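Below: one structure, written as structure tokens.
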Amino acid sequence: MSDGTTERGQWGSRLGFVLAAAGSAVGLGNMWKFPYITGENGGGAFVLVYLVCILVVGLPIMVAEVLLGKMTQKSPVGAFSDLAPKSPWVGVGWLGVAAGFVILSYYSVVAGWAMHYVYLSLSGAFANVPPGQIESVGERFGALYGSWELNIFWHTLFMVLTVGIVLWGIQKGVERAARILMPTLLGMLALIVLYGTTLPGFDEAFDFVFGLHTEELHAAGVLEALGHSFFTLSVGMGAMLTYGSYMKRDEDVVNTSIAISLLDTLVALMACLALFPITFTYGMEASAGPGLVFQNMPTAFAQLPGGSVWAAIFFVLLTFAALTSAISLLEVVASYFIDQQGWPRPMAVGVTGGVIFLVGIPSALSGGTEVFGDGFASVTEVLFGEDQGKNWFDLLDYLASNWMLPLGGLGIALFVSWRIDRLERAHAVADGSILGGVLPLYLGWLQALRIFVPVAIVLVMLHALGVLSALGIE
């Protein structure tokens, strides 16, 4: 554990950085959320809009965030402090650290659900469940969500794994884990996709994902694709900035960002081709929503020969995806104390990981609402209204998704495109990249940050807050 106060550490290779950063981007958003929102919005046309949004919104912010890290060799707070000292812009760096802290506290609870499903799969809990009895699988998830003992157990185990990896530093911990977890994740996902090609529902699934079914895509679906293209790349929370700070100064930001975005998008599309052939083969609904993974898939796997093994592989895959993202979230928070406070890595990671674990306990307890009593309920009623019934878990997810990440991404886009020195920005982008060598591409990227990205983020926030729905945009 050599990453201390005298040396921050660097990536051992470009491939290691790409795998680690792609691991940060590839998470439950790819494996769980993207397939179900694709199902809810009719498939192909939604996928096409999503890919366009990745290109014109997600990728420009990714380049900007990685660029800030490489330019300053600092984590979020240090990066903004160096480039705009004693200015309000430093608040964008603090927002990234806060977002990483908040998201990891409840993200580990969701990762714990995936770990519990690995156990259920191996124990045969989903064996011989007929498609008509999907509600029995739903009851198992309800029992898990309502069991604070199980949630605390898996939350603890997942945080211990995350802290243990980040403790070892950039090359020995984060990069080494990425070199193992990401190829394993891709291999397991490819295995399920290949198996899906042998099922009767594969052709229907392929047409659903890549056919242009425009009749089922509405304005709200376009905004959903826009929002997910932004969030799926882990931009706006300081993770890419922090990972970029471990790059060597002469490395190419643009090509690296493109590789990360391509790998992240590939996993999202493969996840659809893994889930939907099984879903269609057994006559289940593609538009099942959030239950697609935790209810439909266990039921569908139960119909396959060796279904318990396939289910276990799938949920191990889900756990790996969550772990690679969690590593980057903890690194964002710990790097502040390493860079700005001079803490040795073991101390920074241990303390921040421990505090995040404690803050995550209320999220782990949220399913069993009786543990909070009437006082907790009154807080959520004030914040969300009595009819919405949101708990602590929902509160943190609401704050992170609808406020912290959009504002963080907006701040990064505006800062890079308007605030930092134009010559310094151009020089940093030009290092070995096609974007710096071709003026129209560079200007296109700059205008995307100045115009398209801010407009897109504001629309995403208005959509998430329900303002557009109130105006009749559905």
Side-chain angles (χ1 to χ4, degrees), residues 21 24-27 29-30 33-34 50 52-72 75-77 79-80 83-84 88-104 107 222-245 253-254 257-258 260-261 264-265 325 328-329 332-333 396-420 425 445-465:
S24 172
V26 172
N30 300 73
K33 187 174 182 179
F34 182 70
Y50 167 76
V52 172
C53 291
I54 285 284
L55 181 63
V56 300
V57 177
L59 180 59
I61 302 179
M62 167 85 73
V63 172
E65 190 164 338
V66 175
L67 184 71
L68 282 176
K70 192 190 85 161
M71 287 175 64
T72 60
S75 55
V77 174
F80 284 93
L83 295 171
W89 288 108
V90 179
V92 179
W94 278 110
L95 190 60
V97 175
F101 184 97
V102 168
I103 293 171
L104 182 54
Y107 191 85
V222 173
L223 291 170
E224 183 103 54
L226 181 60
H228 193 68
S229 71
F230 172 70
F231 299 127
T232 189
L233 294 177
S234 287
V235 293
M237 64 181 73
M240 292 301 159
L241 192 159
T242 302
Y243 275 13
S245 73
V253 169
V254 179
S257 298
I258 291 173
I260 295 165
S261 301
D264 175 80
T265 304
S325 294
S328 68
L329 292 170
V332 171
V333 182
L396 295 186
D397 184 49
Y398 175 86
L399 291 175
S401 299
N402 297 320
W403 292 100
M404 289 181 164
L405 295 186
L407 290 175
L410 180 62
I412 288 169
L414 295 176
F415 183 79
V416 170
S417 60
W418 291 103
R419 176 62 174 79
I420 64 177
R425 177 184 58 224
W445 167 73
L446 197 57
Q447 293 309 309
L449 290 180
R450 288 177 170 176
I451 301 172
F452 296 129
V453 169
V455 170
I457 291 175
V458 170
L459 287 174
V460 168
M461 293 181 68
L462 293 176
H463 172 58
L465 296 171

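Predicted model, so just to flag it, every value in this text is computed and none were measured.
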Problem - Contacts of type side chain to side chain donor-acceptor pair (under 3.5 Å), residue T72, not counting sequence neighbours - result: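 Once residues adjacent in sequence are excluded, T72 has no partner under the side chain to side chain donor-acceptor pair (under 3.5 Å) criterion.
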
Exercise for the section: Apply side chain to side chain donor-acceptor pair (under 3.5 Å) to S328 and list each qualifying residue two or more places apart in sequence or on a separate chain. Expected result: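 If we apply the side chain to side chain donor-acceptor pair (under 3.5 Å) test to S328, skipping adjacent residues, the hits are S24.
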
Practice task
Output, in order, the C-alpha distance, side-chain angles, deciding distance and verdict of side chain to side chain contact (heavy atoms under 4.5 Å, CB included) for V63 and L59.
Solution key: CA-CA 6 Å; V63 172; L59 180 59; 4.2 Å; yes

What heavy-atom pair brings [X] and [Y] nearest, and what distance separates the two atoms?
X	Y	result
M461	P406	CG-CB, 3.4 Å
V333	V97	CG2-O, 3.7 Å
P60	V453	CB-CG2, 4.4 Å
V416	I420	O-CG1, 3.5 Å
A25	N30	O-OD1, 3.1 Å

Determine whether [X] and [Y] make a side-chain contact, defined as any pair of heavy atoms from C-beta on separated by less than 4.5 Å.
X	Y	answer
T232	I54	yes
S75	V332	no
I260	L233	no
I412	L68	yes

Sequence neighbours left out, what passes side-chain contact (heavy atoms from CB on, under 4.5 Å) with [X]? Give chain and number order.
X	result
V66	F17, M62, M240, M247, V253, S257
L410	L414, P454, I457
L329	I103, L104, M237
V102	Y106, L396, A400, M404

Practice task
Among F80, F415, W94, find the one that has a ring-ring contact (aromatic ring centres under 6.0 Å, His included) with W89.
Solution key: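 Going through the options one by one, the only one that passes is F415.
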
So, taking the atom named [atom1] in [X] and the one named [atom2] in [Y], what distance separates them when rounded to the nearest 0.5 Å?
X	Y	atom1	atom2	answer
L241	S234	CG	OG	13.0 Å
L462	L223	CG	CG	9.0 Å
E224	H463	CD	NE2	5.0 Å

Can you name the ring-ring contact (aromatic ring centres under 6.0 Å, His included) partners of [X], sequence neighbours left out?
X	value
W418	none
F34	Y50, H228
F101	none

Handout entry: Residue pairs fulfilling side chain to side chain donor-acceptor pair (under 3.5 Å) with at least one residue in residues 52-70, sequence neighbours excluded
Key =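 Every side chain to side chain donor-acceptor pair (under 3.5 Å) pair that includes a residue of residues 52-70, provided the two are not neighbours, is K70-D431.
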
